[in-house]
Amino acid sequence: MAERRKSKKKLEKSGKDEEKEQMTKLQKRVVNWLKKNVPIKKTKFMHSHVVEYFSAVKALDALMNDSPWSPEKAKEGAELKFDYREQAIDYMADLLRLNMFHRAKKIPVAEKEKKKKKDDTDNEDEKEKKSKADEKQDKDKEKKRRKIRLEMHMDQVFLDSNDAYVWLYDPTPWYYYIAGAAIVLGIIAVCLFPLWPMEMRQGVYYLSVAAAGFLVFIIVLAIIKYIVFVIVFLGSAGKLKLWIFPNLTEDVGFFESFWPMYVYTYEKPKKDHDSDDEESSDEEEEEEKEDNDGAQDGDGEGSETGKDDKGDDDDEDGNGGDHSDTDNSKSSDGTKEFEIINKD
């Protein structure tokens with residue numbers, strides 16, 4: 001009996017605690033306002049699911065500056081008014097205790113940082129040429145690319161900092177109730193189909209036939225799609241691949257499934273002998289160039305020596321008794337110099 005009484009007392013205490021922990025109407029108003037007006041971000045929590053979180057600083061700034069309970073906008077004699085920032089912190093701590101949100105720890109996600117560093121070192125010269133505006137844009141892009149994931153924080157307190165707080169409060173939207181009521185009424189209307197007027201039943205019959213015909217059309221079109229692909233593929237010996245309505249059976253929207261109308265890929269045949277022919281022709285051209293270069297060098301040397309001999313003969317005929325002037329000449333290489341002296 002004593003144990004039963006103890007268990008009853010525990011249940012009563014737990015029931016009283018639950019009643020105490022329920023939110024007041026004012027707290028619901030504050031939470032709804034925060035949910036709508038405080039900027040949120042989305043990321044993964046514990047590698048499992050996507051959550052929405054907000055920054056504590058932004059939430060406090062919104063309460064103190066833009067909320068109906070701020071010092072500037074609150075009415076005189078209002079039930080709630082945040083005269084100081086500490087009051088807003090304490091109020092947010094009460095909401096945290098009511099499990100409206102919880103504190104999380106930010107963990108940066110590394111995305112191939114080593115490769116990016118190598119690319120940066122290789123392109124240092126190019127980055128120096130960029131203007132300051134371009135550098136600012138690059139920095140902004142890098143900041144946007146930074147990703148984080150969240151983990152549960154062991155110390156569940158609300159602090160005036162940039163810590164992340166994940167929303168747990170997720171009220172049911174009003175249009176959910178309207179959609180639920182419409183579904184229930186639709187089911188009841190279908191059950192009462194025999195009581196419908198004849199015109200309405202005929203209209204529903206024609207709509208059902210049209211829907212069935214559309215489904216049959218889609219199925220036939222999908223079959224034709226594969227038949228055309230097989231015929232074209234076999235006819236071109238595997239070189240041409242033609243798809244009609246490639247997105248017809250893909251997980252896309254209604255209109256996107258019919259666009260593009262066709263897609264094709266053509267594979268050119270590989271040429272194995274062309275490479276050998278090109279190599280042989282290149283070698284022949286190189287040999288011909290070498291022969292031509294050698295012939296040109298020989299012709300140059302012969303012409304220079306012939307000129308020298310003619311010059312000597314002219315000097316002997318015209319000025320036989322006098323010493324001739326020294327003539328300087330160069331070989332085809334342009335490295336050797338020599339003098340020719342005529343004696344009596």
Side-chain angles (χ1 to χ4, degrees), residues 41-45 47-52 109-123 126-127 129-130 134 137-138 140-149 173 175-176 179 182-183 186-187 190 193 200-286:
K41 295 181 180 179
K42 293 183 179 181
T43 188
K44 284 188 176 181
F45 183 79
H47 299 287
S48 59
H49 59 284
V50 178
V51 295
E52 296 179 349
V109 178
E111 294 182 349
K112 300 179 181 179
E113 293 178 354
K114 294 182 180 179
K115 291 184 179 180
K116 290 182 180 179
K117 289 180 181 178
K118 289 181 181 179
D119 295 336
D120 294 338
T121 53
D122 295 336
N123 298 325
E126 294 179 359
K127 287 184 179 179
K129 295 179 182 179
K130 290 182 180 180
D134 294 336
Q137 290 178 358
D138 294 337
D140 295 337
K141 289 180 180 178
E142 290 179 359
K143 288 180 180 179
K144 291 179 181 178
R145 289 176 183 172
R146 293 175 186 171
K147 293 183 179 180
I148 62 169
R149 61 181 176 85
Y175 53 85
Y176 275 33
I183 291 170
I187 293 170
V190 171
F193 180 75
M200 291 180 65
R201 282 186 285 178
Q202 286 181 352
V204 172
Y205 172 74
Y206 293 140
L207 288 175
S208 62
V209 171
F214 180 74
L215 291 175
V216 172
F217 171 74
I218 295 295
I219 294 169
V220 172
L221 190 61
I223 294 170
I224 293 172
K225 165 186 171 182
Y226 291 104
I227 291 173
V228 171
F229 173 79
V230 172
I231 292 171
V232 174
F233 185 79
L234 296 176
S236 61
K239 298 176 184 178
L240 180 61
K241 297 178 181 179
L242 176 64
W243 289 102
I244 299 173
F245 299 110
N247 294 328
L248 186 64
T249 56
E250 299 295 331
D251 187 11
V252 294
F254 177 77
F255 296 102
E256 293 175 355
S257 60
F258 295 97
W259 188 262
M261 297 183 68
Y262 66 92
V263 172
Y264 69 92
T265 56
Y266 181 76
E267 295 180 0
K268 295 181 179 180
K270 296 181 180 178
K271 296 180 180 180
D272 297 333
H273 300 287
D274 290 348
S275 60
D276 297 334
D277 296 338
E278 289 175 1
E279 290 177 0
S280 62
S281 63
D282 292 338
E283 291 176 358
E284 291 177 357
E285 289 177 1
E286 289 178 358

Write down the atom of [X], the atom of [Y], and the distance for their closest heavy-atom approach.
X      : Y      : value
Ala222 : Tyr226 : O-CD1, 3.0 Å
Arg149 : Thr43  : CA-OG1, 3.9 Å
Pro246 : Lys225 : O-NZ, 3.5 Å

Self-check item: More than 12 heavy atoms from other groups under 6.0 Å of CZ on Phe258
Solution: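 Enclosed: over 12 neighbouring heavy atoms sit under 6.0 Å from CZ of Phe258.
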Quiz item: Excluding sequence neighbours, so at least two apart, what forms side chain to side chain contact (heavy atoms under 4.5 Å, CB included) with Ile227?
Solution: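 So Ile227 forms a side chain to side chain contact (heavy atoms under 4.5 Å, CB included) with Ile223, Ile231.
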Quiz prompt | Which residues share a side chain to side chain contact (heavy atoms under 4.5 Å, CB included) with Tyr176, sequence neighbours left out | solution =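 With neighbours one apart ignored, the set is Thr172, Pro173.
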Roughly how far, to the nearest 0.5 Å, is the [atom2] atom of [Y] from the [atom1] atom of [X]?
X      : Y      : atom1 : atom2 : result
Leu248 : Met261 : CG    : CE    : 12.0 Å
Glu267 : Leu240 : CD    : CG    : 9.5 Å
Ile218 : Thr249 : CD1   : OG1   : 10.5 Å

Quiz item: With sequence neighbours excluded, what pairs up with Phe229 under the ring-ring contact (aromatic ring centres under 6.0 Å, His included) test?
Solution: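 Applying ring-ring contact (aromatic ring centres under 6.0 Å, His included) to Phe229 gives Phe233, Trp243.
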Is [Y] close to [X] at the side-chain level, that is, under 4.5 Å between some pair of heavy atoms?
X      : Y      : result
Tyr262 : Val228 : no
Val204 : Phe193 : yes
Asn247 : Pro260 : yes

